[in-house]
Structures are given as C-alpha cells and as structure tokens.
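Note that the structure is predicted; figures quoted are calculated from it, not measured. Both counts, for ligands and for their atoms, begin at 1 and track the order of listing. In what follows, every heavy atom counts, from backbone to side chain, and hydrogens, waters and symmetry copies are set aside.
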Amino acid sequence: MTKLYEKTEQIRKEIQQACLRTGRNHEDITTIAVTKQVSSKRAIEVIDSGIIDLGENRPEGLLEKQADIQQPDLNWHFIGNVQSRKVKDIINEIDYLHSLDRLSLAKEIQKRASKTVNCFVQVNVSEEQSKSGLTVEEVEEFVQQLKQYDKIQVVGLMTMAPFTEDQEVIRSVFRSLRKLRDELSSKKLKHAPCTLLSMGMSNDYVIAIEEGATHVRIGTALVGTESEGEE
Ligand SMILES: *Cc1c(COP(=O)(O)O)cnc(C)c1O
C-alpha cells in the first residue's frame with residue numbers, strides 16, 4: 001500500500017466518523033482532491049486511490065492536468081478566482097465552478113459557456129480583506145440577479161474559513177454559511193436550487209462536515225505538496 005492510499009483511507013474514515021456523530025450519510029459528501037500544488041503524476045495516484053473529484057485554482061493548472069490525465073468519469077472543480085478574460089479557456093472544461101463572486105463574471109460565463117454551468121457562489125463570511133467573495137448580506141440579491149443568466153445554475157455556496165486555531169470561530173463561519181444556504185434553498189428558485197455547501201479544507205474539513213458541508217476541498221492533507229518530494 002502506498003502512503004497516499006493510506007492518507008485517502010484515513011480521510012475517508014474521519015469523514016465517516018464525522019457523519020456518524022452528526023447523523024449524516026457519508027455518501028452525501030464529495031471529497032475533492034485539490035491538486036494545485038502537485039504534479040499530474042501525483043494526481044493520477046490520488047485517482048488510483050479512489051478519488052474522482054479534482055480541484056484546481058488556476059486555468060493553466062487545470063488545463064495541464066486535463067491534458068495529462070486522460071481519464072473519463074472524473075469531475076473537475078475550479079476553486080480559484082478566475083479573471084474574466086480567462087473564462088473562455090476553462091468554462092466548458094469544468095463540472096463545477098466554486099468561485100462565482102461578481103456579476104461581470106456571470107456575464108462572461110453566459111457569453112462563453114456552451115451549456116449550463118454548475119456554480120457555487122463564493123461567500124466571504126469572515127469578511128477578511130484578503131479573501132474574495134460576497135458578504136453574507138450581499139448574497140441573496142446577487143443570487144436573484146443571476147436569474148438573467150440562463151447558463152448559470154447556482155448549486156450551492158462556498159466559503160473559506162479564516163486562518164485561526166480557534167475551532168469555534170471556524171465552526172461559526174461554517175454555521176453561518178449553512179444558515180444562508182438553508183434560507184436560499186427554501187426559496188426554491190429555479191435557477192438557484194442552492195442545496196450544496198462547499199466548505200472545509202485540510203485543517204477544518206471535519207468541522208465543516210459536522211456543520212453540513214457536502215463538498216470538502218482537501219489539498220495538503222491528502223496529496224501533500226510537491227516540495228515534500230516523491231514518496
Ligand atoms: C488550496 C485550496 C484548498 C485546499 O487547501 P489545503 O489547505 O491544502 O487543503 C481548498 N480550497 C481552495 C479555494 C484552495 O485554494
């Protein structure tokens with residue numbers, strides 16, 4: 001068994017335990033391997049360990065991985081900020097966009113997409129300057145405005161927790177996002193079912209699952225970083 005396979009198993013176990021604790025079904029949780037810091041070779045190893053969802057945060061990284069990894073039945077997630085001029089390069093190559101945060105981006109997607117794009121609206125719950133995303137207060141109006149773009153389907157909300165050791169701060173951020181998701185999904189908007197929650201990374205995915213995450217985005221804890229070298 002490779003070390004990577006063990007890591008995947010370990011994470012799978014922790015996810016299952018978090019689900020057991022909170023009465024959730026682990027099949028409702030998608031683990032996205034964030035491969036932005038590793039080679040295609042490493043990404044293929046993680047696929048071999050049973051992961052079928054991959055996340056990249058730069059257009060170049062996404063296209064490079066896709067060229068190298070010729071496997072069908074993978075789901076590609078774009079999780080980074082995307083400049084409007086780069087939309088055309090990636091928008092028809094991905095299954096989910098996790099970083100919809102402005103109308104100008106929505107407009108560009110409408111122009112360039114050849115089919116409906118599943119989008120998460122990115123929310124900056126903690127309102128840190130360094131993070132992109134809408135404030136909690138801005139989200140509802142933004143989602144309503146997206147109705148004019150029929151290529152956009154708002155499948156859920158995404159956030160990144162602040163960098164802090166304080167688990168309760170992290171938990172409260174995830175809880176706020178879930179509450180916002182619940183409010184939006186209860187409106188039953190045709191263009192915005194908004195049932196999914198993309199939250200939780202290497203350091204906080206267990207808390208995220210306890211608070212309702214449906215998609216966790218795990219990089220370093222799963223695939224490591226290239227600087228760690230080959231194993
Ligand atoms: C890099 C990244 C991740 C993964 O982070 P890790 O801490 O390595 O798990 C998740 N989400 C986004 C948006 C990222 O940019």
Inset, instruction - Let me know which of Arg12, Gln17, Gln10 forms a side-chain hydrogen bond (donor to acceptor under 3.5 Å, both in side chains) with Glu14. - result: Gln10
Tell me which protein heavy atom sits closest to [atom], plus the residue, atom name and distance to 0.1 Å.
| atom | result |
| --- | --- |
| atom 8 (O) of ligand 1 | Thr220 N, 2.8 Å |
| atom 5 (O) of ligand 1 | Met201 CE, 3.5 Å |
| atom 9 (O) of ligand 1 | Ser202 OG, 2.5 Å |
| atom 2 (C) of ligand 1 | Lys36 NZ, 2.6 Å |
| atom 12 (C) of ligand 1 | Ile79 CD1, 3.5 Å |

[X]: numbered ligand 1 atoms lying under 4.0 Å from its heavy atoms:
| X | answer |
| --- | --- |
| Ile218 | 9 (O) |
| Met158 | 13 (C) |
| Arg217 | 4 (C), 9 (O), 10 (C), 11 (N), 12 (C), 13 (C) |

Inset, instruction - State plainly whether the residues Arg85 and Glu108 are in salt-bridge range, i.e. N to O under 4.0 Å. - result: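 Here Arg85 does not pair with Glu108 in a salt bridge, since their nearest N and O are not under 4.0 Å apart.
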Inset, instruction - Decide whether the shortest distance between a heavy atom of His98 and an atom of ligand 1 is less than 4.0 Å. - result: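 The answer is no: ligand 1 sits nowhere under 4.0 Å from a heavy atom of His98.
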Legend entry - N/O separation below 3.5 Å, Met160 to ligand 1: no
Inset, instruction - Evaluate the ring planes of Phe120 and His215, with Trp represented by its six-membered ring, and classify them as parallel (under 30°), tilted (30 to 60°) or perpendicular (over 60°). - result: perpendicular
Legend entry - Residue of the set Arg178, Arg181, Arg171, Arg21 for which salt bridge (Lys or Arg N to Asp or Glu O under 4.0 Å) holds with Glu211: Arg171
Inset, instruction - Report yes if some heavy atom in the side chain of Lys151 is under 4.5 Å from a heavy atom in the side chain of Lys115; otherwise report no. - result: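 Side-chain contact under 4.5 Å: no.
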Legend entry - His77 versus Asp53, side-chain donor and acceptor atoms under 3.5 Å: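 The criterion, which ignores hydrogens and geometry beyond distance, is satisfied for His77 and Asp53.
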Legend entry - Side chains of Glu128 and Ser126, donor plus acceptor under 3.5 Å: yes
